[in-house]
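Quick notes on the structure that follows.
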Amino acid sequence: KKAVQDTKPLVSGVFVPLIIEDTVTSYVSLQNVDIENAFSESDVRLLETLANSMSVALENARLFDETNRLLKETEQGKAELAVINSVQEGLVREIDIQGIYKLVGSRIRDLFNAQVVIIATFDHEKKLEHFNYHIEKGETSYPDPRPFDKVRQHLITTGQNILINENYKKAAAEFGMKVVPGTEAPKSLLFMPMKVGEKVTGYVSLQNIDEEHAFSFSDVRLLSTLANSMSVALENARLFDETNRLLKETEQRTAELAVINSVQDGLARELDMQGIYDLVGDRVQKLFKAQVVLIATFDLTNAREHFNYFFEDGKKIKADPRPISKLRQRLIDGKHTIYIGTEHQAIYEYGITVIADTEMPKSFLFVPLLAGNEIRGYVSLQNIDTEYAFSDSDVRLLETLSNSMSVALENARLFDETTRLLKETEQRTAELAVINSVQEGLAKELDIHGIYNLVGDRLCKLFPESQTLVIRTFNHEINQEYFEYFIEKNVDMKVDPRPFMWANKQLIQSKQPLLI
């Protein structure tokens with residue numbers, strides 16, 4: 001047998017095994033490097049007895065240590081279970097997503113040897129992490145979102161936790177980690193992924209600024225359980241929010257449909273164009289959060305807009321037409337809705353100026369009135385006090401109402417056009433009847449004064465609103481006019497010839513009717 005390094009070879013030796021239930025666990029040895037046969041049988045026997053006693057004592061000590069270890073593990077397990085149960089009880093009651101971050105973050109801060117606790121979520125589409133809970137040395141902060149680094153990408157790819165208990169600078173250089181601005185570099189780091197199914201949605205991080213090896217395997221196990229519980233709670237909260245959102249959208253759509261139906265019912269009965277403007281304008285100003293409601297139409301030939309409905313601060317205003325502005329031209333060219341959320345944007349991007357004696361709004365919504373592909377005008381909501389005052393549902397509802405009004409206005413226009421054409425046809429028919437009757441009379445009348453009297457009398461009946469009717473003839477050689485027929489207030493007037501006056505000269509020169 002070789003001697004232990006730097007020791008002398010033995011000359012005499014006794015080796016006695018330490019046995020526990022037929023298993024040799026170790027041994028005791030006596031050795032003499034100078035004398036042969038240095039140990040007697042009684043020495044061997046005594047050493048065997050001592051070895052047996054030591055074997056029993058060592059086994060008792062091992063069993064005691066094992067019992068203590070198991071007891072500690074049991075106590076640790078109970079403590080962890082108590083923590084998990086208390087957190088889960090809180091999560092069951094918490095439906096608000098930010099409330100979940102705050103509840104778990106606060107509990108984690110109390111449980112672990114960490115000055116920094118972070119809960120972050122991932123925006124996979126934009127490859128950004130968002131900090132939902134960030135506390136360092138008792139100070140809460142709200143860092144801006146930032147791009148994924150190698151550590152976050154590793155979390156997403158593997159779905160496994162990352163424990164860095166030493167050599168942080170080396171790990172930071174390898175993974176490209178950077179501390180959040182205004183915070184200290186840690187000496188121990190633990191990243192625990194949060195998952196929904198197989199997808200990593202975010203992480204929980206513990207960081208100790210002062211100590212290496214600050215986090216034990218039991219810390220890792222406990223944080224894993226808490227992260228899993230929080231992931232489930234967050235998914236439940238997200239589903240709850242999504243359900244509420246869909247429910248609200250359904251209720252909103254139902255309310256919008258009721259509004260649309262009621263307006264369309266009114267429009268179906270309304271054929272007067274101004275009545276349509278008033279009906280829609282009155283309904284719109286009651287529906288929306290807007291102190292100003294405008295309905296205007298465009299005169300594209302003269303590049304002017306006309307205000308058909310103007311409501312501001314509880315009263316209707318009469319506004320004169322004005323030139324088409326830069327914003328209205330954008331509306332005409334684009335034929336799509338324009339939403340302006342701030343006063344600054346309105347002034348400097350769109351060049352909006354207020355109408356005299358009115359206030360400058362902070363939010364604007366302009367929806368075009370279209371007939372086919374032709375823009376006829378617009379409806380506008382304006383809020384004087386609040387920026388971004390109108391929601392997506394406001395925009396959607398106003399667009400639907402504007403479309404309905406466009407249809408109603410076009411129907412009213414077609415009705416007016418049809419009525420006008422009908423009246424023109426009736427007028428032409430009446431005129432034709434008059435002409436025919438006069439021509440019949442003229443065909444039978446050969447006396448020139450009889451012709452003047454026949455036509456004059458018929459014209460008096462045709463135009464009863466005229467108190468005076470005159471038929472005159474011109475003698476161009478002597479520049480005189482002759483009164484062939486003169487009736488005033490049913491009295492036959494006799495007037496001598498007279499020189500041409502200015503009206504005669506105008507008629508002779510222009511050969512056109514003269515209407516004053």
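Side chains are part of it too, since the values below use all heavy atoms of this structure and drop only hydrogens, waters and symmetry mates. In this chain, residues are counted from 1 in sequence order.
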For the atom pair [atom1] ([X]) and [atom2] ([Y]), what is the distance rounded to the nearest 0.5 Å?
| X | Y | atom1 | atom2 | value |
| --- | --- | --- | --- | --- |
| Phe390 | Ile340 | CZ | CD1 | 11.0 Å |
| Lys315 | Phe310 | NZ | CZ | 10.5 Å |
| Arg458 | Ile435 | CZ | CD1 | 10.5 Å |
| Ile324 | Glu305 | CD1 | CD | 7.0 Å |
| Thr337 | Leu331 | OG1 | CG | 8.0 Å |

Please give me the minimum heavy-atom distance between [X] and [Y], naming the atom from each residue.
| X | Y | value |
| --- | --- | --- |
| Gly159 | Pro193 | O-CG, 3.4 Å |
| Ala346 | Phe364 | CB-CE1, 3.4 Å |
| Ala290 | Leu381 | CB-CB, 4.1 Å |

Next on the checklist: Apply ring-ring contact (aromatic ring centres under 6.0 Å, His included) to residues Tyr485 and Tyr452 and explain how you reach the verdict.
Outcome noted: CA-CA 6 Å; Tyr485 184 94; Tyr452 293 136; 8.7 Å; no

Find out whether [X] and [Y] are in side-chain contact, i.e. whether some heavy atom of one side chain is under 4.5 Å from a heavy atom of the other.
| X | Y | answer |
| --- | --- | --- |
| Val293 | Asp282 | no |
| Phe298 | Arg328 | yes |
| Lys199 | Ile156 | no |

Checklist entry - Would Ile375 and Leu369 satisfy side-chain contact (heavy atoms from CB on, under 4.5 Å), going step by step from the backbone distance to the final call? => result CA-CA 6 Å; Ile375 187 166; Leu369 296 172; 5.8 Å; no

Show me the donor-acceptor pairs, under 3.5 Å and distance only, between side chains in residues 472-479 and residues at least two apart or in other chains.
{"from": "Arg472", "atom 1": "NH1", "to": "Glu481", "atom 2": "OE1", "distance (Å)": "3.1"}
{"from": "Arg472", "atom 1": "NH1", "to": "Glu481", "atom 2": "OE2", "distance (Å)": "3.3"}
{"from": "Thr473", "atom 1": "OG1", "to": "Glu484", "atom 2": "OE2", "distance (Å)": "2.5"}
{"from": "Asn475", "atom 1": "OD1", "to": "Glu477", "atom 2": "N", "distance (Å)": "3.1"}
{"from": "Asn475", "atom 1": "OD1", "to": "Ile478", "atom 2": "N", "distance (Å)": "3.4"}

Test your reading of the model: is there a side-chain donor-acceptor pair from [X] to the backbone of [Y], 3.5 Å cut-off?
| X | Y | answer |
| --- | --- | --- |
| His154 | Asn161 | no |
| Thr342 | Gln345 | yes |
| Ser141 | Pro143 | no |
| Gln480 | Phe500 | no |
| Asn383 | Lys289 | yes |
| Asn308 | Thr297 | yes |
| Ser466 | Thr468 | no |

Checklist entry - Parallel, tilted or perpendicular for Phe131 and His134, by the 30°/60° rule? => result perpendicular

Next on the checklist: For Tyr388 and Tyr339, take the angle between the two ring planes, folded into 0 to 90°, and tell me which bin it lands in: parallel under 30, tilted 30 to 60, perpendicular over 60.
Outcome noted: perpendicular

Checklist entry - Which is it for Phe191 and Tyr203 under the ring-ring contact (aromatic ring centres under 6.0 Å, His included) test, yes or no, and what are the steps along the way? => result CA-CA 6 Å; Phe191 291 91; Tyr203 67 86; 5.5 Å; yes

Checklist entry - Sequence neighbours excluded, which residues qualify as salt bridge (charged side-chain N to carboxylate O under 4.0 Å, His left out) partners of Arg428? => result none

Next on the checklist: Tell me every residue that passes salt bridge (charged side-chain N to carboxylate O under 4.0 Å, His left out) with Asp385, counting only those two or more places apart in sequence or in another chain.
Outcome noted: none

Under a 4.0 Å threshold between the charged nitrogen and the carboxylate oxygen, would [Y] count as salt-bridged to [X]?
| X | Y | value |
| --- | --- | --- |
| Arg498 | Asp496 | no |
| Glu343 | Lys362 | no |
| Asp299 | Arg376 | no |

Does atom [atom1] of [X] have more than 12 heavy-atom neighbours, drawn from other residues, nucleotides or ligands, at distances under 6.0 Å?
| X | atom1 | answer |
| --- | --- | --- |
| Lys335 | NZ | yes |
| Asp492 | CG | yes |
| Glu465 | CD | yes |
| Glu424 | CD | yes |
| Asn490 | CG | no |

Checklist entry - Relative to Tyr350, does Arg330 satisfy both conditions: NZ or CZ under 6.0 angstrom from the six-membered ring centre, and within 45 degrees of the ring's axis? => result yes

Would you say the side-chain atoms of [X] and [Y] include a donor-acceptor pair closer than 3.5 Å?
| X | Y | value |
| --- | --- | --- |
| Asp149 | Gln153 | no |
| Asp394 | Ser391 | yes |
| Glu399 | Asn403 | no |
| Ser380 | Gln382 | yes |

Next on the checklist: If you apply the rule side-chain contact (heavy atoms from CB on, under 4.5 Å), what do you find for Leu401 with Val284, and how did you get there?
Outcome noted: CA-CA 9 Å; Leu401 293 176; Val284 164; 4.1 Å; yes

Next on the checklist: Please evaluate residues Lys195 and Thr201 with respect to the criterion side-chain contact (heavy atoms from CB on, under 4.5 Å), reporting the C-alpha separation (whole Å), side-chain torsions for both, the decisive distance (0.1 Å), and the verdict.
Outcome noted: CA-CA 5 Å; Lys195 295 190 283 187; Thr201 58; 5.9 Å; no

Next on the checklist: Go through it in stages, so that I can follow the logic: the residues are Tyr309 and Lys316, the test is side-chain contact (heavy atoms from CB on, under 4.5 Å), and I'd like the CA-CA distance, side-chain angles, deciding distance and then a yes or no.
Outcome noted: CA-CA 8 Å; Tyr309 185 94; Lys316 291 181 181 179; 3.6 Å; yes

